[in-house]
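See below for the structure under consideration.
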Amino acid sequence: MKTLDVEAVQAFVLVADLKSFTRAAEAMDTTQSAVSLKIKRLEDGLGHRLLERTPRLVRLSAEGNLFLGSARSLVAAHQSAVGSFGVERRRLVVGLSHHIVGAELPLLLKRMSSAEPALVMEMRVAASREILDDFDRGELDAAIVLRHDNSRRDGEVILEEGFGWMAASDFEYRPGERLRLATQAEPCHVRAMAVDALDKARIPWTEVFVGGGITTIGAAVSAGLAVAALGRRVAPPGTIDVGPQFGLPPLPSRDVMLYSSLTDRQARGTLRALSAAIRSTAR
């Protein structure tokens, strides 16, 4: 009977979920070469190629798709066995900016649940400034927000978020008309960034929809009601950046920052897995 290395199987599941050897390595706190070696040995032991590797893409082979369900079950059974002597459930309170997560939130939650089944994660979603205020008051274990200035020197950069003027592919606008905008309610740094760019370019605009997060703004954009300044990573599927098409001013990018007061190894590992999952959603 073949014996499987559970850590290698876990590495395979991570690569399958995050679609990246680099992100899987970050989540496991190891190197990309170590993850590649584990999976190579797993493939050799099984006698099947599980992943198709190209310079730009990592995807499951037919055999990998067949193996993935059993691999998940094996990792879950291993975690259950390790926790059979009573693993204390831990609560982690994380604040997220409205503009950090979109349709990929289920993937993030799934990744966190798989990484630590005993974890109770409380997520609070609000504007970046609100999240940072709550973090500074000690109400959050970690904060993931957009950096809009250099007033803070602490924190870790997770990724650079590129913004665009996102709209439905059939959105209509003629230069000289007022550009129809969907925005967050004031005060919102992204809203301020967008209207400042339009005002400097002397492009007239009007708010036609004020939302309460990416989901509602994205719905307005997808419906063709308006254009919105959104991170391309979290923009709704099917929307496009119409900035070049309509001659709209380019929008600056923003760093996605992680701030945390946690020091214990397990908690830092959990945040590392969350950061890797967010990075894996970059397009």
Side-chain angles (χ1 to χ4, degrees), residues 10 13-14 17-18 20 22-30 75-76 78-80 82-83 85-161 184 187-190 212-215 231 233-234 254-282:
Q10 181 187 25
V13 172
L14 276 168
D17 285 345
L18 303 179
S20 167
T22 302
R23 304 300 170 232
E26 290 171 1
M28 296 183 73
D29 194 23
T30 186
V75 172
H78 174 75
Q79 291 172 332
S80 177
V82 171
F85 297 105
V87 176
E88 182 181 355
R89 298 188 70 82
R90 299 192 311 113
R91 178 178 293 271
L92 185 67
V93 186
V94 179
L96 293 169
S97 164
H98 282 299
H99 288 276
I100 299 298
V101 293
E104 82 286 1
L105 182 57
L107 168 65
L108 301 185
L109 297 178
K110 178 181 178 181
R111 181 65 252 131
M112 299 311 299
S113 176
S114 299
E116 194 173 345
L119 177 71
V120 177
M121 176 169 285
E122 179 180 337
M123 282 191 172
R124 301 181 188 177
V125 180
S128 291
R129 69 179 68 194
E130 293 177 43
I131 293 297
L132 279 178
D133 286 345
D134 288 347
F135 175 74
D136 290 337
R137 285 194 295 266
E139 297 175 10
L140 302 174
D141 296 313
I144 301 177
V145 299
L146 292 173
R147 178 164 64 184
H148 293 279
D149 56 50
N150 294 317
S151 59
R152 299 181 72 124
R153 297 295 180 181
D154 56 330
E156 170 192 342
V157 177
I158 295 179
L159 57 81
E160 184 179 8
E161 187 79 281
Q184 287 269 98
C188 171
H189 283 298
V190 173
I214 292 295
T215 301
R233 182 180 57 86
V234 298
R254 292 286 185 261
D255 288 334
V256 175
M257 303 296 298
L258 168 65
Y259 299 95
S260 175
S261 58
L262 300 173
T263 56
D264 69 277
R265 184 176 179 181
Q266 187 176 13
R268 294 299 300 176
T270 299
L271 291 178
R272 190 169 55 248
L274 178 57
S275 297
I278 291 175
R279 288 189 185 100
S280 74
T281 62

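On a predicted model such as this, the values are computed, not experimentally measured, just so you know.
Taking each heavy atom of I131 and R124 in turn, the nearest pair found is CD1-O, 3.5 Å. Across D141 and S260, no two heavy atoms sit closer than the pair O-OG, 3.4 Å. Residues Y259 and V145 approach most closely at CE1-CG2, 3.7 Å, considering heavy atoms. The two residues A143 and F135 make their nearest non-hydrogen contact at CB-CB, 4.0 Å.
Counting heavy atoms from C-beta outward, H99 and S128 have side chains that stay 4.5 Å or more apart. In this structure, the side chains of V190 and Q184 stay at 4.5 Å or more apart for every pair of heavy atoms. Within the 4.5 Å cutoff, the side chain of I144 has heavy atoms near those of the V256 side chain. Side-chain contact between V93 and E139 is absent, with no heavy-atom pair separated by less than 4.5 Å.
The side chain to side chain donor-acceptor pair (under 3.5 Å) search around D136 returns R152, not counting sequence neighbours. Remark: V157 engages R147, D255, M257 in a side-chain contact (heavy atoms from CB on, under 4.5 Å) (not counting sequence neighbours). The side-chain contact (heavy atoms from CB on, under 4.5 Å) test applied to T22 returns S20, E26, Q32, not counting sequence neighbours. Residues satisfying the salt bridge (charged side-chain N to carboxylate O under 4.0 Å, His left out) criterion with E130, sequence neighbours excluded, are absent altogether. For R129, there are no salt bridge (charged side-chain N to carboxylate O under 4.0 Å, His left out) partners at least two apart in sequence or on another chain. With sequence neighbours excluded, the residues satisfying side-chain contact (heavy atoms from CB on, under 4.5 Å) with R254 are L146, H148, F163, M193, P252.
Listed for the R279 side chain is a donor-acceptor partner under 3.5 Å among the backbone atoms of I158.
With rounding to the nearest 0.5 Å, the separation of CG in D154 from CD in E156 is 11.5 Å. Here OG of S97 is found 7.5 Å from CD1 of I214. Values are rounded to the nearest 0.5 Å.
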Verdict with reasoning, I100 to R233, per side chain to side chain contact (heavy atoms under 4.5 Å, CB included): CA-CA 9 Å; I100 299 298; R233 182 180 57 86; 4.1 Å; yes
